Amino acid sequence: MINNIIHIATDEKFINSAIVQFEKASPFPNKFYIRVKTKVDYKPIHVKPKKNVYFKSKKELLALAKELTSTSLVVFHSLPSIFFDIVFVLPKNIKIIWMCFGYEIYNDPYYFSTKNLLGASTKKYYKGPTPTIWGKFLKNIRIKEFKVNKKQQAIKRIDYIGTAFKEEFEAILKLTKTKKEFFHFWYYPLEIIVSTEQDIVKNRPNIIIGNSASITNNHIEAFKVLKKNKLIQNTEIIVPFSYSKDNHSKCVEKIGKEYFGDLISFLKNFMVLSEYNKILKSCGFAIFYNKRQQAIGNTIALLWYGAKVFLAPENPFYTFLKRKGVIVFSLDEIGFKTQLDAKEILHNKKVLKQLLSRQVLETNLTKELRKISID
């Protein structure tokens, strides 16, 4: 029987929302332990200090983990390598949830090759290792083999994988070749992502592409599709372009300017959410060429504000949205002659509210936790 929940996380912006949700929805008391290098004069960057939030070193977390009993449920918010040893020292009768952020698998060449996410044009600028090279690399360097084995063992010890939707959970199981239970959890309720009370913006001529400079956005493929289509008059093409300054991003900017001149703008600086939402509200169309779940918050916000959103059919989030009845389009259906009408926008807002409102997520989280406590 579970009577408390122990959360282990890093000082990450997602955690504040998790704290609020678990505090409201959990039938059991929660304690959040934030791993820091040293507690001396540590100033939190993202996580807000509260009475049930504790900043601990790895040594302290290892000591804590050893003392836990089967009445505790342990939740790891992401699974970086600094958490592996904590997983290993937990008593075997304790249940563990791994809230998978995605990077743990998709950024690890042992499990996944980034090349699988790239379009033909974008691949020309990819400098990462191929799976074959990575495999030889692992055989020659034992320390790398050791780290991979530790991750495999840590994942093997996990009981539940937490993801936002079932399709992504199934993708993670396939890549890790494991069998786990599904734990349904969204970090961001709809009310945090958007202003739910605002009216529909009628004039939305702009197009937004991707959510960052990450190569997996396949910007060049999106540009080529745009170039073949007739655009609405007074259209501006907006490209969020933070997080990267490599050769690939320089090529994307160059090609974008060659294709569209002054019509295209790259947003390189950090923007507060209110200002960024103003940009999203101006967009009647959105293209996300990523082949895995990425930019979920951006996609939800754009759908709420009334954009016609185009996603790669390989993206599990596209499959999820279609399954739930959201009006969303595949990249094969790209066209800019008509925007979503008021009826279609209201339909999408209704479905999103039924899926992602704060009240719905809290009710779902309570059910998930009670189910584990009974198992």
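Values in this document were obtained by computation on a predicted structure and should not be read as measured data. All values below were derived from every heavy atom in this structure, side-chain atoms included, with hydrogens, water molecules and symmetry-related copies excluded.
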Here's a test for you: under side-chain hydrogen bond (donor to acceptor under 3.5 Å, both in side chains), which of K13, H77, Q21 qualifies with Y187? H77
Can you say whether the rings of F182 and F169 are parallel (under 30°), tilted (30 to 60°) or perpendicular (over 60°)? tilted
Tell me if a side-chain donor or acceptor on N298 pairs with a main-chain N or O of G210 at a distance below 3.5 Å. no
Between N315 and A312, is there a donor-acceptor pair closer than 3.5 Å when you use the side chain of the first and the backbone of the second? no
If the test is ring pair (Phe, Tyr, Trp, His ring centres under 6.0 Å), which one of Y33, F32, W98, F83 qualifies with F76? F83
Can you label the angle between the F165 ring and the W186 ring as parallel, tilted or perpendicular, going by 30° and 60°? tilted
Same apolar cluster (I L V M F W Y, side chains within < 4.5 Å links), L190/L273: no
E236 vs S282 side-chain heavy atoms within contact, under 4.5 Å: no
May I ask you to decide if G102's main-chain N or O and E104's side chain share a donor-acceptor pair within less than 3.5 Å? yes
Can we call the ring centroids of F310 and Y289 under 6.0 Å apart? no
Anything under 30° is parallel, anything over 60° is perpendicular, the rest tilted; go ahead and classify F183 against F22. parallel
Check whether V47 and F14 end up in the same hydrophobic cluster, where Ile, Leu, Val, Met, Phe, Trp and Tyr are linked by side-chain heavy atoms less than 4.5 Å apart. yes
Presence of salt bridge, E221 and K224, under 4.0 angstrom: no
Solution key, residues 350-363 side-chain donor-acceptor pairs under 3.5 Å, sequence neighbours excluded:
residue : atom : partner : partner atom : Å
S357    : OG   : K353    : O            : 3.3
S357    : OG   : V360    : N            : 3.3
T363    : OG1  : Q359    : O            : 3.0

Same cluster (ILVMFWY, side-chain, under 4.5 Å), V20 and V75: no
Mark yes or no for whether K281, through its side chain, and L302, through its backbone, hold a donor-acceptor pair below 3.5 Å. no
S242 (side chain) donor-acceptor with S212 (main chain) under 3.5 angstrom: no
Take E181 and I372 through the side chain to side chain contact (heavy atoms under 4.5 Å, CB included) test and state the conclusion after the steps. CA-CA 10 Å; E181 295 293 324; I372 290 178; over 6 Å; no
Cation-pi check for F329 against K308: NZ or CZ below 6.0 Å from the six-membered ring centre and within 45 degrees of the axis, yes or no? yes
Could you check whether F317 and F288 have their ring centres less than 6.0 Å apart? no
Write out all pairs satisfying side-chain hydrogen bond (donor to acceptor under 3.5 Å, both in side chains) with one or both partners inside residues 252-262, taking only residues at least two apart or from two chains. E253-K268
